[in-house]
Structures are given as structure tokens and as C-alpha cells.
Amino acid sequence: MRLTALLWMAAKSAFPHDYRYGTNRPWTIAAKRLNPPGKKRRKVFVEPIANEDWHVLRGDTVEILSGKDKGKQGKVSQVIRRRNWVMLEGLNTHYRYVGRSGDYRGTYIASEAPLLLKDVTLIDPTDRKPTDIEWRYTEEGERVRVSVRTGRIIPKPVYQRKDGIIPQQWKDGPKDTSPEDTLQKTYMPSLKTLEEEVMEKLNIQEDRKPRKSYWY
Amino acid sequence: MGVLSALTRGLLRGADRMAEFTSKRGPRTFYKSRGARPTGVLTSSRKFIPVQAMIPQFVVPNLEGFNLKPYVSYKTPAGTEEPMTPEKLFSQVVAPQIERDIEEGVFNKENLEKYGLEKTQDGKLFKLYPKNFVR
């Protein structure tokens with residue numbers, strides 16, 4: 001096959017259907033080194049879970065049911081849907097060296113391993129025991145997670161931004177438009193284009209006409 | 001295909017033929033512009049005459065009392081305004097006038113220009129189609 005055709009095929013489909021998704025994000029260098037374009041690995045079988053049935057969200061507190069840290073509770077830091085994985089903060093860890101160069105063996109850190117969804121359950125917020133979860137509708141029609149054992153609603157975890165900014169506590173800088181000015185509605189719908197309105201406002205007289213040109 | 005797949009497992013051989021051939025590549029006699037519009041006319045004696053009309057000029061209005069700044073505060077909640085569609089524009093700008101004229105009995109199908117609807121884009125400075133201005 002020609003080289004150009006091969007290069008085009010490599011660039012076109014970003015990820016083939018049998019791409020093995022790992023803990024590294026697919027666009028990082030580490031992921032590209034583990035999964036270069038031509039590589040084929042043994043297939044991993046992932047239980048198909050519909051989007052409506054997925055009940056663990058980032059920021060939830062969950063309990064581990066099996067594995068090294070069985071019985072411990074932790075907060076979900078990352079969810080990888082492609083493999084039904086859930087990564088908790090500081091739990092299910094193994095230790096490795098990071099950043100080695102030359103003779104220096106690197107920093108010894110704890111890195112988390114992912115857990116499958118079936119090895120993890122959500123926790124009832126009031127009695128802090130693990131429960132089974134169902135999606136049900138409230139009287140207002142809102143879809144919520146309800147623990148089967150006690151019937152209590154488990155609220156969605158508060159969304160925390162990755163850059164650590166809490167919008168309510170944000171202090172406006174000199175270049176920030178205040179919320180009142182941003183939400184002010186000043187648009188008057190009209191049939192003129194922006195350019196015509198600006199010319200009218202600034203009293204720009206334009207009598208020249210562009211030369212007639214043809215395009216096909 | 002087998003030989004090539006063995007090669008591609010490591011490093012892809014050869015240059016990238018599909019890369020854009022910009023003015024930074026090629027021999028020094030190769031000239032190509034990067035898209036800047038000309039601001040004058042080059043004469044036959046290789047002298048460049050700048051034309052004032054081709055040089056863009058910024059017309060800045062008076063910004064007193066203008067409160068919008070480059071960035072938006074994080075405290076702003078998401079807006080609730082729907083995007084403007086042609087149907088909404090028509091129903092807000094043109095439809096009330098047409099309804100008023102129909103009630104008075106003055107509506108004339110031949111005279112739609114008075115509501116702002118144009119028959120042809122020919123005499124206009126800013127044509128909508130083909131669009132002859134850069135936004």
C-alpha cells in the first residue's frame with residue numbers, strides 16, 4: 001500500500017474500534033507510547049452499561065466491595081466510561097517511582113489503580129453504609145438516585161472545577177465585566193447588518209460602489 | 001501491507017507529503033504570500049505605490065459609559081436568551097408592521113420594500129448573498 005494512504009489512514013480515525021483505553025488520557029504522550037497506531041492488543045470485554053443506568057458520578061463517596069482496600073470509603077476522582085472504571089482518591093494504590101533520570105531513582109509515590117463499577121457501591125448519606133441504587137423519579141419529575149434499602153435520595157455531588165475556582169467566591173478583577181453588565185439585554189432586533197448600523201451611528205458617508213465582478 | 005505495517009509499528013518512513021507547503025519551505029527563490037491583503041499597487045518599474053483606500057483604518061467610537069470589559073466574571077449565571085433565528089427576527093421586526101397594515105387595509109403584496117424586504121441585492125453596499133464584507 002502507498003505510504004500516503006497509510007499516513008492518511010493513521011491520521012483519519014483518531015481511535016480504532018479496538019483501541020484499548022487505559023488510565024492515561026488518549027491524547028497524552030504516555031498513552032501514545034502504550035498504544036501506537038499499528039498496535040493490536042488482546043480484546044478486553046467490557047460489560048455494556050447504558051448511559052441512563054450509570055449511577056456513580058465524579059465527587060461521590062463510594063465504598064469498595066472487593067480488592068485490597070475492601071470496606072474502605074473514598075471519593076471518586078475520575079470515571080472512565082469506556083472500561084467501566086472508577087478511580088478513587090488515595091485508595092487501591094500501588095507504589096512506583098516517578099521522574100527517574102540518570103542515577104536518581106525518582107520519587108516514590110502511591111498511584112491509584114482503577115476499580116470496576118461492580119466492585120464499588122454508593123453510600124447512603126445518612127447512615128453511611130453501602131447500598132444498592134436505583135434511578136427513580138420524584139414527584140416533581142426529577143430523575144434521582146434512590147437507595148433501595150432505605151429509600152433515601154442520594155444528591156448529586158457538587159461540581160468542583162478542576163482549576164479550583166469557586167464561582168461564588170470569585171473577586172472580579174479590573175478586566176472582568178460584572179454579572180449585571182453581562183446580563184443586560186441591549187440587542188434591538190433589526191433588519192440592518194452590523195456594518196450598516198455602525199455606519200449610521202458614526203455618520204460615515206460611503207458613496208462609492210464596488211466594481212462589478214463575477215464568480216463562477 | 002505486511003512490510004509496511006512492520007515499519008509503521010515504530011517510526012513512519014519518509015516525509016509527510018500531506019503537509020501544507022508554506023512560504024517557510026522550499027528554496028529561497030520560492031515566493032508565496034501568507035494571506036495578507038495588498039495595500040497598494042506594484043508598478044512596472046518595481047516601485048510600490050501605496051493606495052490610501054486599501055489601507056484599513058480603525059474607526060473607534062466614543063467609549064464613555066461603556067461598561068463591557070474583555071473578560072466575563074465567573075459569578076455570571078448561564079444566560080437564558082435563545083439564539084436568534086430568521087423566523088424570530090421576522091416575527092419581531094416585520095410581522096407587526098404587516099399585521100398593522102392588513103388591519104388598516106393598506107397591505108400591498110407588490111410593495112414589500114417598505115417592510116425592509118429587498119427584491120435584489122444589486123445596488124447595496126453590503127450584500128447578504130454573495131456576502132461581500134468580512135465580519
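Chain A is the first sequence line, chain B the second, and so forth, proteins listed ahead of strands; every chain is numbered from 1. We use all heavy atoms of the structure for the numbers below, so side chains are in, but hydrogens, waters and symmetry mates are not.
- Contact of Q168(A) with chain B is made through the backbone alone, with heavy-atom distances under 4.5 Å.
- K124(B) contributes atom NZ, which lies 7.0 Å from atom OG1 of T193(A) (distance to the nearest 0.5 angstrom).
- For chain B, the option among I204(A), L202(A), I165(A), I166(A) with the highest count of heavy-atom pairs below 4.5 Å is I165(A).
- Note: Y187(A) OH to M84(B) CE = 4.0 Å, rounded to the nearest 0.5 Å.
- If you measure heavy-atom distances from K209(A) to chain B, the contacts under 4.5 Å come from the side chain alone.
- In this structure, the side chains of K212(A) and D122(B) come closer than 4.5 Å at one or more pairs of heavy atoms.
- Heavy atoms closer than 4.5 Å to chain B are found nowhere in M188(A), neither backbone nor side chain.
- The OG1 atom of T182(A) sits 9.5 Å away from the NZ atom of K69(B) when rounded to the nearest 0.5 Å.
- With a threshold of 4.5 angstrom between heavy atoms, K192(A) does not approach chain B through any atom at all.
- Both the backbone and the side chain of L194(A) come within less than 4.5 Å of a heavy atom of chain B.
- The shortest distance between side-chain heavy atoms of S178(A) and N67(B) does not fall below 4.5 Å.
- With a 4.5 angstrom heavy-atom cutoff, V134(B) touches chain A only via backbone atoms.
- Proximity to chain A (any heavy atom under 4.5 Å) is shown, for F90(B), by neither the backbone nor the side chain.
- For P210(A), the part lying near chain B is the side chain, with the backbone staying farther off; criterion is any non-hydrogen pair under 4.5 Å.
- Other residues, nucleotides and ligands contribute at most 12 non-hydrogen atoms within 6.0 Å of the OH atom of Y137(A).
- Only the side chain of R161(A) has a heavy atom closer than 4.5 Å to any heavy atom of chain B.
- Heavy atoms of F126(B) lying under 4.5 Å from chain A belong to its backbone as well as its side chain.
- Both the backbone and the side chain of L68(B) have a heavy atom closer than 4.5 Å to some heavy atom of chain A.
- Atom CG of L191(A) is separated from atom CD of Q92(B) by 11.0 Å, given to the nearest 0.5 angstrom.
- To the nearest 0.5 Å, atoms CG (L183(A)) and OG1 (T80(B)) are separated by 8.0 Å.
- Side-chain contact between P61(B) and K201(A): absent, with no pair of heavy atoms (C-beta onward) separated by less than 4.5 Å.
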